[in-house]
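All ligand and atom numbering here is 1-based and tracks the order in the structure. Heads up: numbering here begins at 1 and tracks the sequence.
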Amino acid sequence: MRPCLTVLLPVYNERATVVPLLERVCAVPVEKQVILVDDCSTDGTREVLESEVAGKFPDVEILYHDKNQGKGAAIRTAIPHARGLYCIVQDGDLEYDPQDYLAILEAFKQDGVQIVYGSRFLKGYPNMRLPNRIVNILLAWMVRFFFGSPMTDEATCYKAFQTELLQSVPLQCQRFEFCPEVTAKVLRRGHRIVEVPIRYEARSLAEGKKIRWTDGVMAIWTLVKFRFVKF
Ligand SMILES: Nc1nc2c(ncn2[C@@H]2O[C@H](COP(=O)(O)OP(=O)(O)OP(=O)(O)O)[C@@H](O)[C@H]2O)c(=O)[nH]1
Ligand SMILES: [Mg+2]
């Protein structure tokens, strides 16, 4: 039978969090498939996957990149393998709470809803570094301004799609441009994005956060580019 949800899980150097994260993901009471893509980690994540994950988590399929390519490339590797009715992106850290999948899946029950984003900012602002907060506010504003779509959190990791819809979007992203690229492309096609509130606990750079200010600039440029170019 088709699982309800496919979790697309890009992982790069997340040795400390990948197992606790998988335990949290697998504890969510929903039929699911998890596609974990290890992007040629160099910190021992691969060894952890081989010894503590492979064969021990029945819902988890592991794919390996033999060269580091970036979060967007890892998501693109996973997408064609998705069998669930819906797909959601899940980071390999513990910043988001997989129990929020339930609220996101609930939102798909409304008529005509095909895309649901979990918003960290619908119910106030969680603890987050000021530069990250400013870039997040700017990206959401840009989506409203350029695409006329109400949005509070464009850069959220929790983006969920009807699987066939996501599989039909031609993506080119390598790194963190997945978020602005997919958002711009579905809005250009006239799809609606529904947001629901989710929890968020930011980690610091010292704790392994990999996104940099240059990725914020890239995200802004990607939104502008896909507002205007043909694809
Ligand atoms: N596959 C792959 N994943 C990566 C790479 N760099 C980061 N990631 C993963 O992308 C996820 C997000 O990275 P973070 O550093 O936490 O950044 P973030 O600010 O939470 O990123 P977003 O949620 O995408 O806005 C984590 O699961 C990382 O393991 C990479 O080079 N390749
Ligand atoms: Mg993260």
Those atoms of ligand 1 less than 4.0 Å from some heavy atom in [X]:
| X | answer |
| --- | --- |
| D39 | 1 (N), 2 (C), 30 (C), 31 (O), 32 (N) |
| K210 | 6 (N), 7 (C), 14 (P), 15 (O) |
| A74 | 1 (N) |

Answer with yes or no whether the side chains of [Y] and [X] bring together a donor and an acceptor at under 3.5 Å.
| X | Y | value |
| --- | --- | --- |
| S168 | R189 | yes |
| Y101 | Q90 | yes |
| Q69 | Q174 | no |
| R120 | Y96 | yes |

Give me the residue, atom name and distance of the protein heavy atom closest to [atom].
| atom | result |
| --- | --- |
| atom 19 (O) of ligand 1 | K209 NZ, 2.7 Å |
| atom 22 (P) of ligand 1 | K71 NZ, 3.6 Å |
| atom 17 (O) of ligand 1 | I211 CB, 3.7 Å |
| atom 12 (C) of ligand 1 | D91 OD2, 3.1 Å |
| atom 13 (O) of ligand 1 | F176 CE2, 3.7 Å |

Min N/O separation C157 to ligand 1 under 3.5 Å: no
Polar contact flag for Y12 and ligand 1 (N/O pairs, less than 3.5 Å): yes
Over 12 foreign heavy atoms within 6.0 Å of CD, E31: no
K123 atom NZ, over 12 foreign heavy atoms within 6.0 Å: no
Of all N/O/S atoms in D93, the name of the one nearest the Mg ion (ligand 2): OD2
Atom of E95 nearest the Mg ion (ligand 2) (restricted to N/O/S, atom name only): OE1
Which part of [X] is near ligand 1, with near meaning a heavy atom under 4.0 Å away: side chain, backbone, both or neither?
| X | result |
| --- | --- |
| N68 | side chain |
| F178 | neither |
| E14 | side chain |
| E95 | side chain |

Student check: side-chain heavy atoms of L21 and D93 closer than 4.5 Å: no
Side chain to side chain, E23 and F57, heavy atoms closer than 4.5 Å: yes
Ring-face cation of K71 near Y12 (centre distance under 6.0 Å, axis angle within 45°): no
Ion pair D97/R199, N-O distance below 4.0 Å: yes
Working for side-chain hydrogen bond (donor to acceptor under 3.5 Å, both in side chains), residues E195 and T152: CA-CA 8 Å; E195 289 187 312; T152 61; 2.9 Å; yes
Ligand 1 contacted by R203 (non-hydrogen, < 4.0 Å): yes
Nearest-option assignment for atom 9 (C) of ligand 1, heavy atoms, candidates P10, G70, A155, G92: P10
